[in-house]
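Below is one structure; the comments refer to it alone.
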Amino acid sequence: MTSVDSSKHKKAKALKPTSRRPAKELCSECGLCDTYYIHYVKEACAFINQQIGELEEQAHRRSRNLDNPDELYFGVHQDMIAAQKQQPIAGAQWTGIVSTIAIEMLNRGLVEGVVCVQNTKEDRFQPMPIIARTPEEILAARVNKPTLSPNLSVLEQVEKSGMKRLLVIGVGCQIQALRAVEKQLGLEKLYVLGTPCVDNVNRAGLQKFLETTSRSPETVVHYEFMQDFRVHFKHEDGSTETVPFFGLKTNQLKDVFAPSCMSCFDYVNSLADLVVGYMGAPFGWQWIVVRNNTGKEMLDLVQDQLNTQPVMSKGNRKEAVQQSIPAYDKGVTLPMWAAKLMGVVIERIGPKGLEYARFSIDSHFTRNYLYVKRNHPEKLEEHVPEFARRIVGQYKLPE
Ligand code: FAD
Ligand code: SF4
């Protein structure tokens with residue numbers, strides 16, 4: 001089934017259970033179930049009804065070509081580039097391309113509102129989804145809230161406000177549910193600006209991650225797993241701390257990631273019109289995937305504010321991925337000196353550009369495939385999309 005049956009919509013408004021999460025422990029708290037659209041949850045939820053192929057056809061008019069190696073990995077697209085804002089937005093996650101596109105769309109009247117996520121007053125990492133109607137509100141939503149965020153919880157307000165043109169910024173699981181209910185929102189035009197997403201956590205999990213990994217967890221304002229195989233923490237005083245991936249305390253962190261993220265195969269946000277991440281770009285650059293004409297229209301709005309270069313690919317990830325599978329499975333943690341050394345070596349000779357993105361996708365898909373197989377064997381067949389099976393099939397997995 002491609003999307004939801006509109007005849008149910010009226011009935012859905014009468015229902016409004018707020019505490020149900022039919023995906024149970026696999027729920028990513030996308031927010032759909034906080035609205036009357038919960039009525040559609042069995043069809044719309046990314047963790048109950050995996051339907052990426054069908055929704056690709058709905059959003060992009062075709063599903064990905066599995067025989068095209070780039071589409072197999074990165075989904076339907078007409079273009080990929082690396083980019084930086086000529087004048088980065090201070091305090092953005094990277095250079096602020098996402099916030100800039102959203103502001104341009106609002107200023108030029110293409111949309112009346114933007115679904116994005118600010119943080120609460122008390123806690124910089126506690127997400128607070130909003131419908132922004134001014135550039136200031138969009139700017140206040142810049143930088144990742146690296147926690148599960150109920151972005152779709154504001155969907156009811158969209159319909160009530162009478163808005164007809166909307167931009168939604170979100171990660172893959174949020175966008176899959178959004179696409180499934182898109183036709184029920186009463187919009188003339190929906191624009192979707194996605195980011196890749198992986199290894200998200202709830203707020204308690206984030207605290208554990210910060211406490212096990214950073215020298216000063218309470219002053220972290222921003223972090224990212226970067227293309228140089230290090231986690232980069234930025235602190236309140238402006239200092240940067242880096243920790244090599246291979247030095248992470250895998251044994252303590254194994255249960256930190258949300259079960260939804262351990263079962264996700266939509267790392268690259270297949271259903272967004274335009275995707276802005278970093279992992280397919282050289283270190284320091286953002287990676288942009290234009291999936292369809294709507295995505296191109298969005299990117300064109302900011303082209304004159306960007307430095308760009310073609311995407312590149314270097315190295316061979318396969319051996320590193322194969323070796324990391326049993327190491328992660330057994331929770332192997334290297335001593336810090338060895339982790340640093342390995343980090344330096346792999347940064348010199350390791351995969352770069354699109355090959356780094358493939359490295360990250362392979363590592364996460366193999367791990368997640370094993371997770372689903374072991375913890376939700378009854379879901380394995382339907383939940384893992386064909387493109388992910390092909391990717392995982394390149395490796396030898398433990399039982
Ligand atoms: P900014 O201009 O700073 O804007 C950031 C936008 O993100 C804001 O509009 C805000 O509404 C939105 N946002 C913040 N937190 C959340 C959230 N929890 N859920 C949904 N939307 C949110 N890119 C990769 O290439 N590889 C990854 O593995 C990867 N993992 C990510 C994990 C998470 C949880 C998130 C939110 C993003 C991830 N990204 C990843 C994307 C990347 O980190 C940047 O967000 C992206 O490159 C945009 O940077 P920017 O400076 O243009 O964004
Ligand atoms: Fe509902 Fe979203 Fe959780 Fe699925 S992931 S159960 S749609 S809140």
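Computed from heavy atoms alone, side chains included, the values below leave out hydrogens, waters and symmetry copies. In this chain, numbering begins with 1 at the start of the sequence shown. Read the numbers this way: they start at 1 and go in the same order the structure lists the ligands and their atoms.
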message: When you measure from the side chain of R389 to the backbone of E381, do you find a donor-acceptor pair of N or O atoms at a distance under 3.5 Å?
response: yes

- prompt: Measuring from the heavy atoms of W287, does anything fall under 4.0 Å of ligand 1?
  reply: no

message: Does D237, at its CG atom, have more than 12 non-hydrogen atoms belonging to other residues, nucleotides or ligands within less than 6.0 Å?
response: yes

- prompt: Does at least one non-hydrogen atom of C173 fall below 4.0 angstrom from an atom of ligand 2?
  reply: no

Metal check, atom 4 (Fe) of ligand 2 vs C45 N/O/S, cut-off below 2.8 Å: yes

- request: State the atoms of ligand 1, each with its element, that fall below the 4.0 Å cut-off from a heavy-atom position in T147.
  value: 18 (N)

message: Between ligand 1 and A141, can you find any atom pair, the residue atom being a heavy atom, that is separated by under 4.0 Å?
response: yes

message: A92 versus ligand 1: do any nitrogen or oxygen atoms come within less than 3.5 Å of each other?
response: no

message: We want to know whether Y37 and E159 form a side-chain donor-acceptor pair, criterion being a heavy-atom distance below 3.5 angstrom.
response: yes

task: Identify whether I130 and V154 are in the same connected component of the hydrophobic contact network (ILVMFWY, side-chain heavy atoms under 4.5 Å).
output: no

query: Which heavy atom of the protein is the closest neighbour of atom 46 (C) of ligand 1, given with residue, atom name and distance?
result: V276 O, 3.3 Å

- prompt: In terms of atom number and element, which parts of ligand 1 are under 4.0 angstrom from non-hydrogen atoms of T195?
  reply: 37 (C), 41 (C), 45 (O)

field: Single hit among T213, T212, L206 for side-chain contact (heavy atoms from CB on, under 4.5 Å) with L210
entry: L206

field: Protein heavy-atom partner closest to atom 42 (C) of ligand 1 - residue, atom, separation in Å
entry: E224 OE1, 3.8 Å

- prompt: Which of the atoms of ligand 1 are close to V198, meaning less than 4.0 Å from one of its heavy atoms?
  reply: 28 (O), 30 (N)

- request: Name the closest protein heavy atom to atom 1 (P) of ligand 1, giving the residue it belongs to and the distance to 0.1 Å.
  value: S99 OG, 3.6 Å

message: When you compare ligand 1 with S149, is there at least one nitrogen or oxygen pair between them that comes in under 3.5 angstrom?
response: no

- prompt: Of the protein's non-hydrogen atoms, which lies at the shortest distance from atom 51 (O) of ligand 1, and what is that distance?
  reply: W94 N, 2.7 Å

- line: Here the gap from E29 atom CD to D34 atom CG, rounded to the nearest 0.5 Å, amounts to 9.0 Å

field: For C116, the ligand 1 atoms whose distance to one of its heavy atoms is below 4.0 Å
entry: 11 (O)

query: Which residue and non-hydrogen atom of the protein lie closest to atom 26 (N) of ligand 1, and at what distance in Å?
result: Y278 CE2, 3.3 Å

message: Just to confirm my output: which protein heavy-atom neighbour is closest to atom 28 (O) of ligand 1, and how far is it?
response: Y267 OH, 3.1 Å

Shortest protein heavy-atom distance from atom 49 (O) of ligand 1, along with the residue and atom involved: Q286 NE2, 3.2 Å

- request: With rounding to the nearest 0.5 Å, note down the distance linking CZ in F47 to SG in C264.
  value: 5.5 Å

task: Starting from atom 1 (Fe) of ligand 2, locate the nearest protein heavy atom and write down its residue, its atom name and how far away it is, to 0.1 Å.
output: C33 SG, 2.3 Å

query: Below 6.0 angstrom between ring centroids: does that apply to F359 and F229?
result: yes

- prompt: Hey, are the side chains of D67 and R390 touching, using non-hydrogen atoms and a 4.5 Å cut-off?
  reply: yes

message: Given 3.5 Å as the limit, does a donor-acceptor pair link the side chain of H232 with the main chain of F225, or not?
response: no

Atom indices of ligand 1, in the order listed, that fall short of 4.0 Å to a heavy atom of C197: 30 (N), 31 (C), 32 (C), 33 (C), 34 (C)

field: Taking atom 7 (O) of ligand 1 as the reference point, the nearest protein heavy atom with its distance
entry: N144 OD1, 4.2 Å

task: Identify whether NZ of Lys or CZ of Arg in K189 sits under 6.0 Å from the centre of the six-membered ring of Y191 and within 45° of that ring's axis.
output: yes

- prompt: For R61, does the CZ atom sit with more than 12 other heavy atoms under 6.0 Å from it, leaving out its own atoms?
  reply: no

Enumerated ligand 2 atoms positioned under 4.0 Å from heavy atoms of V41: 1 (Fe), 7 (S)

field: Region of V117 engaging ligand 1 - heavy atom pairs below 4.0 Å
entry: both

- prompt: Heavy atoms, side chains only, cut-off 4.5 Å: are P282 and Q309 in contact?
  reply: yes

- prompt: Is the ring centre of H364 less than 6.0 Å from the ring centre of F257?
  reply: no

message: Could you tell me, atom by atom, which parts of ligand 1 come under 4.0 Å of a heavy atom of V171?
response: 19 (N), 20 (C)

- prompt: What protein heavy atom sits nearest atom 5 (S) of ligand 2, and how far away is it?
  reply: S28 N, 3.4 Å

- request: Mark up the atoms of ligand 1 that fall under 4.0 Å of a heavy atom belonging to N200, in ascending order.
  value: 34 (C)

- request: May I ask you to identify, for T100, whether its side chain, its backbone, both or neither come under 4.0 Å of ligand 1 on a heavy-atom basis?
  value: neither

- prompt: Ring centres of W287 and Y356 under 6.0 Å apart?
  reply: no

field: Other residues, nucleotides, ligands: >12 heavy atoms within 6.0 Å of E382 CD
entry: no

query: If you draw a 6.0 Å radius around CD in E378, do more than 12 non-hydrogen atoms from other residues or ligands fall strictly inside?
result: yes

- prompt: Would Q174 count as a contact of ligand 1 if the rule is a heavy atom under 4.0 Å away?
  reply: yes

Contact check: R142 vs ligand 1, nitrogen or oxygen atoms, below 3.5 angstrom: no

field: Main-chain N/O of A90 paired to R142 side chain as donor or acceptor, under 3.5 Å
entry: yes

task: Apply the test side chain to side chain contact (heavy atoms under 4.5 Å, CB included) to residues Q227 and Y278: give CA-CA distance (whole Å), side-chain angles for both, the deciding distance (0.1 Å), then the verdict.
output: CA-CA 8 Å; Q227 302 101 318; Y278 64 88; 3.6 Å; yes

field: Location of contacts on T95 toward ligand 1, heavy atoms closer than 4.0 Å
entry: backbone

- prompt: S363 and R317: side-chain donor and acceptor closer than 3.5 Å?
  reply: no

- prompt: Is atom 1 (Fe) of ligand 2 less than 2.8 Å from an N/O/S atom of C30, whether that atom is in the backbone or a side chain?
  reply: no

- prompt: In terms of atom number and element, which parts of ligand 1 are under 4.0 angstrom from non-hydrogen atoms of I169?
  reply: 9 (O)

- prompt: When you measure from atom 6 (C) of ligand 1 to each heavy atom in I130, I175, L193, V98, which option holds the nearest one?
  reply: V98

query: Between F225 and ligand 1, which part of the residue brings a heavy atom under 4.0 Å of the ligand: side chain, backbone, both or neither?
result: neither

- prompt: What protein heavy atom sits nearest atom 3 (Fe) of ligand 2, and how far away is it?
  reply: C27 SG, 2.3 Å

query: With a 4.0 Å heavy-atom cut-off (strictly under), which part of A23 contacts ligand 2: side chain, backbone, both or neither?
result: both

- request: Could you say whether the N/O atoms of P196 and ligand 1 ever approach to under 3.5 Å?
  value: yes

Spatial distance of atom OG (S260) from atom CZ (R21) [nearest 0.5 Å]: 12.0 Å

- prompt: Given the rule that I, L, V, M, F, W and Y join up when any side-chain heavy atoms are under 4.5 Å apart, are L32 and L166 in one cluster?
  reply: yes

task: For ligand 1, find out whether one of its N or O atoms is nearer than 3.5 Å to an N or O atom of G96.
output: yes

message: Taking distance alone, with N or O pairs closer than 3.5 Å, would you say I97 contacts ligand 1?
response: yes

message: So for ligand 1, is V143 a polar contact partner (N or O within less than 3.5 Å, distance only)?
response: yes

